[in-house]
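Keep in mind that the numbers below use all heavy atoms, side chains included, and drop hydrogens, waters and symmetry copies.
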Amino acid sequence: MTWDTPEWRTERCAWSEEAAHVLAASTKWFPLATVEDYRLLLLNNPNDAALYRVSAGGELIGFVILKIERFSGGSEGVIVAAAGSLPGGDLVDIVLPTLQNEFMGVDSYRVTTARPGLVRKLVKRGWLQTHAVLRKVAP
């Protein structure tokens, strides 16, 4: 499968073992979270959180969890977790615009990442880095 596959689909879906397996990669730099936490997030927030399956030409590309957080100043669309791959293609260019369209009526978008390359890609696409997160294991 290559990036020029004509039939892209981003579909809301139910939690599955397949999603758990793919999304496990997204917990690499967030050791306190597990795919069980993702499952519970979706179960406990059905109006504001959703799982999406991304495919091309019928083949699985990956899974994404999106959530809307509401604040007194507005709402924010959050990409909670994403994992997948597309040999020969850039998922940021292909999938991100579609994901942003899933958030209806939000005032901003947010993503947290431990990948410096993803930060550079997003900044080039108009995103603004607003925070740095540091962690230390408690004694």
Side-chain angles (χ1 to χ4, degrees):
M1 194 64 47
T2 63
W3 66 270
D4 58 355
T5 301
E7 194 178 321
W8 284 98
R9 297 190 67 137
T10 303
E11 301 173 287
R12 192 170 178 160
C13 63
W15 185 256
S16 65
E17 287 302 315
E18 181 181 43
H21 176 74
V22 172
L23 286 168
S26 72
T27 65
K28 178 181 179 183
W29 296 105
F30 189 20
L32 300 179
T34 66
V35 291
E36 177 64 8
D37 294 310
Y38 294 157
R39 186 187 72 77
L40 291 172
L41 169 72
L42 295 165
L43 179 68
N44 294 325
N45 298 281
N47 295 323
D48 288 332
L51 175 66
Y52 290 84
R53 184 181 195 275
V54 180
S55 62
E59 291 190 36
L60 175 67
I61 300 302
F63 287 94
V64 180
I65 296 175
L66 305 180
K67 178 182 170 188
I68 295 177
E69 292 186 0
R70 300 171 199 290
F71 303 97
S72 58
S75 60
E76 189 163 61
V78 181
I79 300 172
V80 175
S85 67
L86 179 63
D90 186 331
L91 288 175
V92 172
D93 284 337
I94 295 168
V95 178
L96 188 60
T98 302
L99 295 178
Q100 288 176 200
N101 289 336
E102 294 294 335
F103 294 115
M104 301 305 239
V106 299
D107 299 288
S108 63
Y109 307 104
R110 185 175 80 231
V111 64
T112 300
T113 183
R115 297 176 43 214
L118 181 56
V119 171
R120 286 190 296 275
K121 283 182 182 184
L122 294 175
V123 167
K124 286 181 183 177
R125 288 157 181 82
W127 291 63
L128 175 66
Q129 184 174 358
T130 61
H131 295 79
V133 175
L134 303 159
R135 259 192 191 88
K136 181 179 179 182
V137 176

Distance in Å, [X] [atom1] paired with [Y] [atom2], rounded so as to fall on 0.5 Å steps:
X   : Y    : atom1 : atom2 : answer
S26 : I79  : OG    : CD1   : 12.0 Å
L91 : L86  : CG    : CG    : 5.5 Å
K67 : R110 : NZ    : CZ    : 8.0 Å

- Task: Answer yes or no: does atom CZ of R115 have more than 12 heavy-atom neighbours from other residues, nucleotides or ligands under 6.0 Å?
- Result: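 No, not enclosed.
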- Message: Counting neighbours of CD on E36 that are heavy atoms of other residues, nucleotides or ligands and sit closer than 6.0 Å, is the number greater than 12?
- Response: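 Yes, CD of E36 has more than 12 neighbouring heavy atoms, counting only those of other groups under 6.0 Å.
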- Could you walk me through whether D90 and K121 pass the side-chain contact (heavy atoms from CB on, under 4.5 Å) test, one step at a time? CA-CA 10 Å; D90 186 331; K121 283 182 182 184; 3.2 Å; yes
Where is the tightest heavy-atom contact between [X] and [Y], given as atom of each residue plus distance?
X    : Y    : value
R12  : P46  : NH2-O, 3.2 Å
P116 : A114 : CD-O, 3.3 Å
Y52  : E102 : OH-OE1, 3.3 Å
V64  : A82  : CG2-CB, 4.0 Å

- Message: Looking at S75, is its backbone amide N or carbonyl O close enough to the side chain of D107 to form a donor-acceptor pair, meaning the two atoms are under 3.5 Å apart?
- Response: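 Present.
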- Task: Report yes or no: does S55 contribute a side-chain atom to a donor-acceptor pair with the main-chain N or O of G58 at less than 3.5 Å?
- Result: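 Answer holds: no.
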- Determine, stepwise, if the pair I68 / F103 fulfils side-chain contact (heavy atoms from CB on, under 4.5 Å). CA-CA 7 Å; I68 295 177; F103 294 115; 3.8 Å; yes
With a 4.5 Å heavy-atom cut-off, do [X] and [Y] have their side chains touching?
X    : Y    : result
L122 : L96  : yes
W127 : V111 : yes
T113 : V119 : yes

- Query: Do NZ/NE/NH1/NH2 and the carboxylate oxygens of D93 and R125 come within less than 4.0 Å?
  - Reply: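 A salt bridge links D93 with R125.
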- Query: Should side-chain heavy atoms under 4.5 Å link Ile, Leu, Val, Met, Phe, Trp and Tyr, which residues sit in the same cluster as Y38?
  - Reply: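 Y38 clusters with W15, V22, L23, V35, L41, L42, L51, L60, F63, I65, V78, V80.
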- Would D48 and R70 satisfy side-chain contact (heavy atoms from CB on, under 4.5 Å), going step by step from the backbone distance to the final call? CA-CA 9 Å; D48 288 332; R70 300 171 199 290; 2.7 Å; yes
- Item | side chain to side chain contact (heavy atoms under 4.5 Å, CB included) partners for E11, two or more places apart |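 Counting only residues at least two positions away or on another chain, E11 forms a side chain to side chain contact (heavy atoms under 4.5 Å, CB included) with R9.
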- Query: According to a 4.5 Å side-chain heavy-atom criterion applied to Ile, Leu, Val, Met, Phe, Trp and Tyr, with indirect links allowed, do V95 and V123 form part of one hydrophobic cluster?
  - Reply: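 Cluster IDs for V95 and V123 differ.
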